[in-house]
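Since the model is a prediction, treat every value here as computed from it, not as a measurement. Sequential numbering from 1 along the given sequence is applied to the chain's residues.
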Amino acid sequence: MPHRKFPKGIITLLISLIVMAVAASVASAGMQVHTQPVQTLGKTQLDAAPYAYAPQALNDAFTIRTETVLSWGLSMSDGEPLWLAGVSETATGLPSTLGLAWVPEPSWWGVSWVLQLRSDVGLLTPIDSVRDSAEAVRLVQFTPAPDHVYETYFSYNQVTGDVSVRVTDLHDGQVMYQGVFSAKPVTAQLYAGFGATHRGGADENFAFDLVSLAVYPQYLPIGTGWDIGSITLENVFLPLSRFDVNEQVTLRLRHLHAGIPGEFSFVSETEQTTQVLHRVKADTAGATVVSLIEAARLPIGRSTLRLEYREADSLLLSDTLTLRVGAIDARFGEVVVDRVNNKISNEVRLSSNGAIRDVNLQIAAEITELIWNPQTLNYDEKPAGTQVLFNGILDVVDENEAQTTLSIETVLPERAGYWRVTYTAGSEQEIDLLTWNAIQHFTNYKPAVLEPGEPFTFAVLPDTQYMTNTYKTAYMRMMQWIAEQAEERNIVLTLGLGDITNNNRPEQWVTAVEGIKLIEGIMPYVLSQGNHDLIRPTGGVFDREHTLMNDYFPVEKQPWITGTMIENRVENAYALFNFQGQDLLILSLEFGPSDDALAWANEVVAQHPDHKVILITHNYTGGSGGHSSSALNYDLAQNPDTTVNAGPGMWSKLVRHHANFHMVISGHIHNNSIPKQVLTGAKGNYVFEMLIDYQSDPNGGDGYFALFTFQPDGRIEVQAYSPYQGKNREAWGNHFFINPAAGRYEYE
C-alpha cells in the first residue's frame, strides 16, 4: 500500500495540526441519533430545584442526552460538581449513582475544571491506578466557557455495565471528549437526572441550567469515534480528507469494546450513488479497528462518507465526513500577446496522480487593468471582464504519462494598457484543482516605429536587486513605463547591468521575469549577470555554476541573441542591431569575466569591425569614474577552476585593443550621480565608460534608470528618470550628452 513520507522532525507537528483540523471537521457534522426518545424535558419545565429528573424510571439499557449552558462565571465557593448527565436510584438529590460531571480542582494558582465519570456508589473500574478510583475516573481537563451550550450523551447498559459518553461544545462543534468504559452492572431502578446545588443562580457567581433533556430506550455506542486518513511510513495514522486516485484510504474506528450488539458500516454517498464500502461488527475485541479502502472505489471529487450504526437492521446512529478523491495540477504557460490578431494565447498542461476520466472542466480568465496612481505610488485595479476559455469533458492522465494540454485564447483588450490575467479552473465534481502560474501580467502597448531621421532610445536598468526582492511595485512601474513609452519616445532596446536579483532566489527571478515580460513583443533586451545573481544557496560567491539566470532567461526566449560563448548559456552573449543605419554590437559579459570569456569576446568584436561595440557588464567603472577592481575581492577570485577580471583587466585585455569599441556601461557600486570617464583605445578611438547604480535609494532605487537617446546629430543624451517618482533625477551628473566625435561629455 502507498504510504506518505514525512521528515521525522516534523511528523508530530503535522499530526497535531491536522488532527485539530480533522477534529473540527468531524465535530461540525455531529453524530445523529435515529431513534425516538421516550422521555423529554425542556428548560421551561424546570423549577428552581437544584436537580432535574425525567419522570419515568429507565429500562435496562438507555441513553441520556442533555444540553446544558453555563452563564456568568463558575462557583468557586464550595467546589461542587456540575452534573451534565447522570442517574440515581431516586428522582431526587444528586444524580450520582453514575454520571458525567465537571469537577473543580483547586490549586495554588487557581481552580481548574476536570470532566469526570463519577459514581458515588463505587461502580467504576479505575483506568489509572494513581489518579482514578471506583468513585471517579478522570477524563479530560478543560474549563466550561460561559454561554456555550454543551451537548452530552451518556449511554449505559445496566446488565453488561457498558458505558459510552460524548461531550460536544455546540458553539463550534468541537468534541471535548469521547470514549467508552466498563462499569459494574446494577439491578435497581434508575432515573435520568441533571443539576448542581446552585443550578438556578442561587449563587450570584453563576447560573448552570438545562436547555433540554431526552432519554432513548437503547444503549448507543455514542463514544465510538472515527476518522479517515493514511498510514505514514513511520506507521503513524495521519488524519486526512484528500486523497489521490491511486492511494488507499484508511478508515479508523476508535473506542470499540466487547458486548456492543449491532454493526458499523462505512457508506459512500453522492447525489447519484450510494455504496457500502465496509462493515465492522460492533462486538470487536480491539479498541481500534483499521480498514483499508482503495480510493479508486470512491467517487471522484467531493463526496460524503457516512458512518452508520445499525442494530437488528434499525439505523440508530450516523455521522458524516466529507472527503475528496483526485487532484489535478493545472500548469499555465506564459502568456503570448498577439497584437496582430488581437488575442492573448496560452496553454494549460493538466496532470494527476492516477488517471481521472470524464472530468467536466471549466477554465476562465479574468482580465484586470492596472492603472498607475501617482498619488498613492501604486496601481489602481479596474476589472475588465471574465471570459470562459474552456468548458467540456476530458480525461486527465497520470502525471507519469503524457500530459493533457489545452490551448486557450483570450480576446486582447482594445485599449492599450497594463493588464493582469487571472486564470481559474474548476469542475462540477469539485475535484481539487491546483493551479500554477495562474496570475500573469502583460501589456499591449505598441512598439516603436522609427521614421528616417528620428532619434532612438535605449533604456538602461541599474541594479534591480532590491526591487525584485522587496520593492516590486517600483520595479513593475519602471518596466511598464518603458513599454508604455516605447512608441512615443522610440525606445527600441532595454539593457540590464546585472544584480537582477538580490540573492539568486527563484521568487526574485520570477519577479524579474514578470517585469521583463511587460516589454516582450515591444522591444528586445540584453541583460548582464551580477555577483548577486551568482550567490549560492549556502551564501557567498565562489563559483559560476549556481546562477539561475539561464533557467529564467534562457537563450531560446531571446531570439535576438546572435551568439553565446557556451551553448544555451546567456551570461556571455552578444546581439547585433541596426538602428537608423547604425550597426551596433551589444556585448554582455559575466560578473568578473574569466580569461576565456575575454578571449571569446575579442574574437566576437574582431569578427564585426563595422559594428560599434557597447559592452554591458556588472563591475567595470568605480565610484570615481575610474576602473573598479571590486570583482577581485570576492571568493570567486580564489576559485582555482576559474579566473576573474575586473575593470583594469577588461580594459587591458579586451576594450583598448579594438577600434570599434564605443561604450562600457556597468553597475555594482551605488552612486548618486553617473561616474564616467573617456579613454582613448590603442587604435585612437574614444571609449565612453559609465557607472549607473541607484540601488541604495529608498524603495530599492525608487525606480530610477537611464535613458540613452541617440540623436540625429550623432550625440547621445543621457537622462536618469524615475516613472515611479515621476521625475528626472535631480543630482548633478545625471543628465548629460556624449559627443563621440569630440571625445567628451557635454552638459547643457
Using a 3.5 Å distance criterion without hydrogens, assess whether the side chain of [X] forms a donor-acceptor pair with backbone atoms of [Y].
X: Gln429; Y: Asp358; result: yes
X: Ser528; Y: Gly496; result: yes
X: Ser666; Y: Thr621; result: yes
X: Asn699; Y: Ala474; result: no
X: Ser352; Y: Ala327; result: no
X: Asp463; Y: His668; result: yes
X: Gln440; Y: Val335; result: yes
X: Glu454; Y: Glu451; result: yes
X: Gln387; Y: Val411; result: yes
X: Glu487; Y: Glu484; result: no

Assess, by modelled atom type and distance only, whether the side chains of [X] and [Y] contain a donor and an acceptor separated by less than 3.5 Å.
X: Asn550; Y: Glu571; value: yes
X: Asn504; Y: Asp533; value: no
X: Asn602; Y: His658; value: yes
X: Asn728; Y: Glu730; value: no

(Q) Here's one to test your reading of the geometry: is the NZ or CZ of Lys676 within 45 degrees of the ring axis of Phe736 and under 6.0 Å from its centre? (A) yes

How close do [X] and [Y] get, counting heavy atoms only, and between which atoms?
X: Tyr747; Y: Gly733; value: CE2-CA, 4.3 Å
X: His546; Y: Pro537; value: CD2-CD, 3.7 Å
X: Leu389; Y: Ala365; value: CD1-CB, 3.7 Å
X: Leu587; Y: Ala601; value: CD2-CB, 3.9 Å
X: Ala573; Y: Thr564; value: CB-CG2, 3.9 Å
X: Ala720; Y: Tyr694; value: CB-OH, 3.3 Å

How far apart are the C-alpha atoms of Tyr724 and Trp481, what are their side-chain angles, what is the distance that settles it, and do they pass the ring pair (Phe, Tyr, Trp, His ring centres under 6.0 Å) test? CA-CA 9 Å; Tyr724 179 72; Trp481 185 91; over 10 Å; no

Are there over 12 heavy-atom neighbours, none belonging to [X], within less than 6.0 Å of that residue's [atom1]?
X: Lys446; atom1: NZ; result: no
X: Glu414; atom1: CD; result: no
X: Arg302; atom1: CZ; result: no

Would you say that [X] contacts [Y] through its side chain, given a criterion of any heavy-atom pair below 4.5 Å between the two side chains?
X: Met523; Y: Trp560; answer: no
X: Arg477; Y: Tyr475; answer: no
X: Leu497; Y: Val460; answer: yes
X: Leu679; Y: Glu689; answer: yes
X: His618; Y: Asn531; answer: yes
X: Ser345; Y: Ser407; answer: no
X: Ile431; Y: Val359; answer: yes
X: Phe708; Y: Met663; answer: yes

Ring centroid separation for [X] and [Y], is it under 6.0 angstrom?
X: Phe458; Y: Phe579; value: yes
X: Tyr418; Y: His441; value: yes
X: His735; Y: Phe737; value: yes
X: His608; Y: Tyr574; value: yes

Closer than 4.0 angstrom, basic N to acidic O: yes or no for [X] and [Y]?
X: Glu409; Y: Lys343; answer: yes
X: Lys557; Y: Glu520; answer: no
X: Arg715; Y: Glu717; answer: no
X: Asp432; Y: Arg242; answer: yes
X: Glu567; Y: Arg569; answer: no
X: Glu545; Y: Arg536; answer: no

Discussion item. Is there a side-chain contact (heavy atoms from CB on, under 4.5 Å) between Tyr445 and Leu518? Walk through the geometry before answering.
Written reply: CA-CA 9 Å; Tyr445 301 115; Leu518 301 187; over 6 Å; no

Tested for side-chain hydrogen bond (donor to acceptor under 3.5 Å, both in side chains) against Gln508, the lone hit among Asn502, Asn503, Thr464, Thr470 is Asn503

